Amino acid sequence: MKDLRRLLGLFAPYTRWMLAGIALSLVVMLANIGLLALSGWFITAMAAAGLAHVSMDYFTPAAGIRGLAILRTGGRYLERLVTHEATLRLLAHLRVWFYEHLEPLAPARIQYYRGGDLLSRIRADIDTLDNFYLRVLAPSVAALIGVAILFGFMAVFSFPVALINLAGLILSGIGIPYLAHRAGKRPGGKAVEVRSTLRASVVDGIQGQGELRVYGASGRQIERVGELTHALIDQQHKLSRITGLATAGNGWITQLSIWFALLIAIPLVNQGMLSGPDLAMIALFVMASFETVSGLPLAFQNLGETLAAARRIFEIIDTCPQVEDPAVPAPRPSTADLHCKGVRMRYADDANWALNGFDLTLPAGHRVALIGATGSGKTTLINLLMRFWDYQDGSIMLGGRELREYSGEDLRRFCAVVSQRTHLFNTTIRGNLLLARPDADEVQIMAAAKQARIHDEIMGFPAGYDTFVGEAGIRLSGGQARRVAIARALLKDAPFLILDEPTEGLDADAEAHVLDAIESAMDGRSVLLITHRPHALRHMDEVYVIEHGRVVSHGAPADILHGDNALTAYTRLG
Ligand SMILES: Nc1ncnc2c1ncn2[C@@H]1O[C@H](COP(=O)(O)OP(=O)(O)OP(=O)(O)O)[C@@H](O)[C@H]1O
């Protein structure tokens, strides 16, 4: 019930659209029923008048029939238009709403969700939520109002028939859907679950195609996808069987209602309380009245799936961001000088300290390198500087203030980061560069690319800056992709440049190009470089050696590489 209320709250901005859609579907429904009932009455009345050789006014009912037919057709058109408009607006609103809530959670809170699972929530679950209006809410409200109107109308002719009709409608609109809902709850919930796992597996399989082939695991992956597909089909079979039984049950109830209505109404004709044409009209009216509740079985069945999808979406939305911004953030830092003192940080209460009494000083305009074995805590420092995670102890001062005093957004604007995993989007080189500064002009773009030593190679591509880089930059070499990322960081023109193993995974030649780009990029900026490569250290002012989250030595690059600690430093550098 709570989820249902929250869902309704989410849809509140579109109340007018939704009400207009419901009103129109009600009009169409009533026009349809009226058309059938009036036609039945008219044909019978005409036949009776003909047999009795009496004249009758056939203009009025004929005009009524035409009017209802036009209302039905025009209303149906408008109803489709309005309900689809409402649905599409809702869908767009829901996607943006979900993304806005998701963004502050990245990366700390969403690292435990699988990529495909998130994708599934964004796409499929939100699509399922939009069913809520079209398949659950609209038919239920229209049915409720429609049934009340029909009952009132029928009661004018015969109260017992109205009661019989009402009983049939309740059975068909609530009894059967309730049973179908109960029966569909488990398979409905399971179908959502399996569909999401299936999507996650397919996305995983596609992204890891290379590895699967190298390790000969494609067969196992295909088998897994096959098993999940069969599991999904099983649940869908169960749901279809329930739908089939519900439809059959409704057919039975409709026929029984007509039969009972006739049993009551025929004696009334004999007693002269009803006319022959009224009898025909009542029979057809009862039959047509079931249209009001025909959408309810599907509505109840969808309710299970919709609520399961809503719960999954709300589960993410209700997660608090790892790092909250201060109520009144300090203005953006003015100088890029960094002082870390006794910083302690761990990713979970029961995890080991990733940083454990970490100290570092980086005066503005200086270049500091951080080296250390894998897992020693280097990237963790960047996670803290970006305010993706918070530190539990110690102090990190940037531009003379504690990091916590700034808003995350301001800090991220102040720093440009190039990491070994920098993501290139599946668009052109220009599009990727503009991400850092959307208003950059051609001259600025080219200047950044030149400084990152990638301009000439870009101009060598047939489409130049309009070359599509492919998924995650797959059409560029590792070294080119890294230099495009450096150009992007340069375009951002941030005073603090953070480089996280920017040459990792590159061969000597590509590394030389990237180091050349980095050297040029460092000009006039504070730089924090994390690296395993001795070559990268030559332009640094100071090198810090980190071990188990704590600095064990620091000094000029030459001292670290050739002094007393040389052996340990080389070991750390691999
Ligand atoms: N997102 C995370 N969630 C939980 N634990 C993490 C996370 N990131 C890092 N850790 C843990 O924190 C410790 C430090 O990791 P970190 O990535 O900072 O090391 P690193 O020195 O950058 O390693 P590498 O050189 O391999 O990149 C490790 O024990 C690691 O398992």
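Positions are given from 1 along the sequence. When reading the values below, keep in mind they use all heavy atoms of this one structure, side chains included, and skip hydrogens, waters and symmetry mates. Order of listing sets the numbers, starting from 1, for every ligand and every atom in it. Quantities reported herein were computed from a predicted structural model and do not represent experimental measurements.
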Review point. Should the pair Glu442-Arg430 be classified as a salt bridge under the 4.0 Å nitrogen-to-oxygen rule?
Key: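 So Glu442 pairs with Arg430 through a salt bridge.
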
Study note, to complete from the structure: Restricting to heavy atoms, the pick from Thr380, Leu370, Leu384 nearest atom 15 (O) of ligand 1 would be Thr380

Exercise for review: Kindly identify the option in Trp353, Tyr347, Trp389 whose heavy atom sits closest to atom 8 (N) of ligand 1.
Suggested key: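 It is Tyr347 that holds the nearest heavy atom.
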
Does ligand 1 have any atom sitting under 4.0 Å from a heavy atom of [X]?
{"X": "Arg346", "result": "no"}
{"X": "Ala373", "result": "yes"}
{"X": "Gly372", "result": "no"}

Check your understanding: If you count the atoms of ligand 1 from 1 in the order shown, which ones are under 4.0 Å from a heavy atom of Glu501?
Key ->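 This gives 25 (O), 27 (O) as the contact atoms.
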
Check your understanding: With distance as the sole criterion, is a donor-acceptor pair present between the side chains of Asp500 and Thr379 under 3.5 Å?
Key -> yes

Review point. Tyr406 and Phe414: aromatic ring centres closer than 6.0 Å?
Key: no

Check your understanding: ligand 1 and Gly377, any nitrogen or oxygen pair closer than 3.5 angstrom?
Key ->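 Indeed, backbone or side chain, Gly377 has an N or O that close.
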
Please tabulate, for the side chains in residues 356-369, all donor-acceptor contacts under 3.5 angstrom to protein atoms that are two or more places apart in sequence or on a different chain.
{"residue": "Asn356", "atom": "OD1", "partner": "Arg344", "partner atom": "NE", "Å": "3.0"}
{"residue": "Asp359", "atom": "OD1", "partner": "Gly342", "partner atom": "N", "Å": "2.6"}
{"residue": "Arg367", "atom": "NH1", "partner": "His539", "partner atom": "O", "Å": "3.4"}

Practice item. Run the numbers on Asp3 and Arg6 for salt bridge (charged side-chain N to carboxylate O under 4.0 Å, His left out), then give the verdict. Key: CA-CA 5 Å; Asp3 294 325; Arg6 276 185 83 176; 5.4 Å; no

Revision key, fill the gap. Those residues at least two apart in sequence (or on a different chain) that pass ring pair (Phe, Tyr, Trp, His ring centres under 6.0 Å) with Phe98 are none

